[in-house]
There are 2 protein chains.
Amino acid sequence: MARKAQHSKEELRAMALAAAREIVAAEGAAGLSTRKVASRMGYAAGTLYLVFRNLDDLVLQLNAATLEALDAHLAEALARLPADAGPRRRLLALAHAYYLFAREHFHLWSLVFEHHLPEGETMPESLAARVRALLGRVEAELSHLGAGADLAARVLWSGVHGIAVLALTDNLAATGPVDAPALVDSLVNRYLDGFAAAGRNQS
Amino acid sequence: MARKAQHSKEELRAMALAAAREIVAAEGAAGLSTRKVASRMGYAAGTLYLVFRNLDDLVLQLNAATLEALDAHLAEALARLPADAGPRRRLLALAHAYYLFAREHFHLWSLVFEHHLPEGETMPESLAARVRALLGRVEAELSHLGAGADLAARVLWSGVHGIAVLALTDNLAATGPVDAPALVDSLVNRYLDGFAAAGRNQS
DNA sequence: TGACTTTATGAACACTGTTCACTAATCTTT
DNA sequence: AAAGATTAGTGAACAGTGTTCATAAAGTCA
């Protein structure tokens with residue numbers, strides 16, 4: 001052994017992710033650079049490459065952490081609900097919590113969906129697992145629908161995500177003021193109503 | 001006057017947008033650079049600044065063109081429908097056409113939503129007008145709902161957009177194979193069912 | 001002390017967006 | 001035809017980017 005490490009690799013990793021998180025939160029994805037992350041840690045840029053394959057790798061790990069925080073945020077929202085709250089109420093809570101998280105952590109949340117991995121490469125399992133966990137939360141609240149719950153979960157998840165994207169990137173604001181929570185309510189309530197109606201017709 | 005222009009400013013603008021479109025379509029937003037656009041036109045990079053304020057400005061104009069192409073694509077889809085097709089059928093056609101366009105022109109379509117304008121700046125009217133035109137198409141098919149048509153239009157538009165985003169960026173694929181058109185069908189049909197049911201209860 | 005190992009550096013490379021002094025080609029005027 | 005005016009377009013420069021890698025510094029062991 002030689003040159004006692006100031007920080008273990010695990011510490012370096014955590015410091016880099018924390019620095020990157022602060023930068024993205026404050027300046028957006030465009031403000032992120034290896035030199036800026038490194039200098040915030042008190043290291044040279046080259047040091048990052050001892051811990052990450054490249055900047056893409058760092059972003060992927062930051063995104064996994066963001067999804068973990070989102071998951072915790074959703075769990076809290078559910079915990080605040082009365083114990084006897086029904087599925088619809090719980091789904092609405094999840095949907096609104098999702099939108100609030102996206103708004104509060106806009107840049108970090110954007111990075112998750114705007115970071116395209118290089119052609120052909122596949123999402124690392126660490127990230128995929130986090131996505132599954134989130135979707136699982138929605139599926140759990142829809143299990144009473146029986147067959148079709150997984151489809152409904154994906155529709156609602158995507159729908160709420162779409163509302164957040166368009167509302168927060170001003171792509172809807174061009175058409176007048178947007179009340180995103182009202183859109184979320186309408187989506188969840190009408191979709192669930194429709195699902196119930198369709199079910200009655202079939203049976 | 002001196003040094004007869006090889007191309008008028010309008011021609012330069014069109015050439016630059018065409019070059020940028022090809023680059024983005026082939027390599028994605030990350031592959032776009034002023035030098036690459038210029039060299040494809042047979043000009044130096046500096047020339048672009050005679051026609052565009054900066055690269056952001058070029059991207060904004062490219063995005064306006066992309067939305068124009070999307071609008072034409074939607075118009076075609078409606079035109080292919082039988083003249084007696086009802087609103088639901090027309091809405092489904094619009095939704096599926098939107099998804100297909102996003103899939104076929106993935107990189108160009110992504111650029112529209114992933115290009116955040118600098119903090120505080122507002123979307124140029126040329127783009128805003130195109131967004132309004134697209135949303136107007138959906139609203140037109142929902143006018144039979146009376147009050148709440150504009151809300152429903154935003155919900156459906158956002159929802160279909162969200163499905164396209166998550167399906168095409170593999171953020172849902174992590175949870176197993178995704179049949180995006182089936183998600184679109186479910187969203188539009190159940191939401192309209194639910195809207196009809198809610199309307200009955202109120203009256 | 002000398003040999004060995006590992007940590008971290010910082011210079012180098014090829015690239016980026018953007019600016020601007022300048023050239024070369026054309027038009028206008030003499 | 002010659003001289004002067006005008007401008008389209010250039011290309012070098014600047015500050016920044018991600019990434020690599022020889023090298024220096026600092027520690028351990030014999």
Side-chain angles (χ1 to χ4, degrees), chain A residues 1-17 19-24 26-63 107 111 114-119 121, chain B residues 1-17 19-24 26-63 107 111 114-119 121:
Chain A
M1 290 275 193
R3 184 158 198 182
K4 193 168 105 198
Q6 304 280 357
H7 301 281
S8 72
K9 294 224 165 168
E10 198 43 55
E11 281 175 320
L12 283 179
R13 200 185 81 96
M15 290 166 68
L17 289 179
R21 178 160 40 238
E22 289 168 22
I23 293 168
V24 171
E27 308 175 41
L32 186 68
S33 83
T34 53
R35 285 171 176 82
K36 233 186 285 196
V37 169
S39 94
R40 225 173 237 257
M41 307 164 56
Y43 278 85
T47 304
L48 288 175
Y49 291 82
L50 301 174
V51 180
F52 301 98
R53 263 192 10 270
N54 48 37
L55 187 60
D56 251 43
D57 185 24
L58 190 157
V59 168
L60 249 20
Q61 297 196 28
L62 178 57
N63 285 345
H107 285 131
L111 194 61
E114 292 179 4
H115 179 80
H116 303 320
L117 5 109
E119 198 89 33
E121 272 194 52
Chain B
M1 293 269 196
R3 188 159 197 180
K4 191 169 107 199
Q6 303 280 355
H7 302 279
S8 72
K9 293 222 166 174
E10 198 43 56
E11 281 175 321
L12 283 180
R13 200 184 81 96
M15 289 166 70
L17 289 178
R21 179 159 39 238
E22 289 168 22
I23 293 168
V24 171
E27 308 175 40
L32 186 67
S33 84
T34 53
R35 285 171 175 83
K36 233 185 287 195
V37 169
S39 94
R40 227 172 236 257
M41 306 164 57
Y43 278 85
T47 303
L48 288 175
Y49 292 80
L50 301 175
V51 180
F52 302 97
R53 258 189 16 269
N54 49 35
L55 187 59
D56 251 43
D57 184 25
L58 190 156
V59 167
L60 248 21
Q61 297 197 28
L62 178 57
N63 285 345
H107 285 131
L111 194 60
E114 294 180 4
H115 178 79
H116 304 321
L117 7 110
E119 198 88 31
E121 273 195 49

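Numbers restart at 1 for each chain; the letters A, B, ... are given by sequence-line order, proteins then strands. Hydrogens, waters and symmetry mates play no part in the numbers below; they use all other heavy atoms, side chains included.
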Atom pair CG (Leu111(B)) and CG (Asn63(B)), whose distance is rounded to the nearest 0.5 Å
4.5 Å
Taking five pairs at each terminus, the helix from dT1(C)-dA30(D) to dT30(C)-dA1(D) shows an axis bend, to 10°, of 30°
With rounding to the nearest 0.5 Å, note down the distance linking CG in Leu62(A) to CG in Asp57(A).
11.5 Å
Could you list, one pair per line, each protein nitrogen or oxygen that sits under 3.5 Å from a nitrogen or oxygen of nucleotides 16-19 of chain D, together with the distance?
from, atom 1, to, atom 2, distance (Å)
dT17(D), OP1, Ser33(A), OG, 3.0
dG18(D), OP1, Thr34(A), N, 3.1
dG18(D), OP2, Thr34(A), N, 2.9
dG18(D), OP2, Thr34(A), OG1, 2.6
dG18(D), N7, Arg35(A), NH1, 2.7
dG18(D), O6, Arg35(A), NH2, 3.0
dT19(D), OP2, Tyr49(A), OH, 2.6
dT19(D), OP2, Leu55(A), N, 2.8
dT19(D), O5', Tyr49(A), OH, 3.2
dT19(D), O4, Arg35(A), NH2, 3.4

Distance in Å, Leu60(A) CG paired with Leu117(A) CG, rounded so as to fall on 0.5 Å steps
6.5 Å
Tyr43(B) atom OH is separated from dA8(D) atom C1', nearest whole Å, by 8 Å
Taking only residues at least two apart or on different chains, which pairs with a member in residues 28-54 of chain B satisfy salt bridge (Lys or Arg N to Asp or Glu O under 4.0 Å)?
Glu22(B)-Arg40(B), Glu27(B)-Lys36(B)
I'd like to check the salt bridge (Lys or Arg N to Asp or Glu O under 4.0 Å) partners of Glu10(B); sequence neighbours left out, ordered by chain and number.
Arg13(B)
Atom pair distance, as rounded to whole Å: CG in Leu48(B) and C1' in dT10(D):
13 Å
Might you work through the side chain to side chain contact (heavy atoms under 4.5 Å, CB included) test for Val59(B) and Leu32(B), ending with a clear yes or no?
CA-CA 10 Å; Val59(B) 167; Leu32(B) 186 67; 3.9 Å; yes
Touch check for Leu12(B), heavy atoms < 4.0 angstrom, all strands: base, sugar-phosphate only, or nothing?
sugar-phosphate
Gln6(A) CD to dT6(C) P, straight-line distance once rounded to whole Å
18 Å
Output the rounded distance in Å from CZ (Phe52(B)) to P (dT19(C)).
15 Å
Which residues share a ring pair (Phe, Tyr, Trp, His ring centres under 6.0 Å) with His116(B), sequence neighbours left out:
Phe106(A)
Set of residues satisfying side chain to side chain contact (heavy atoms under 4.5 Å, CB included) with respect to Tyr43(B), sequence neighbours excluded
Gln6(B), His7(B), Leu12(B), Met15(B), Met41(B), Thr47(B)
Nearest-Å distance, CG (Leu58(B)) to C1' (dT16(C))?
15 Å
Figure out the CE/P separation between Met41(B) and dA8(D), and round it to whole Å.
14 Å
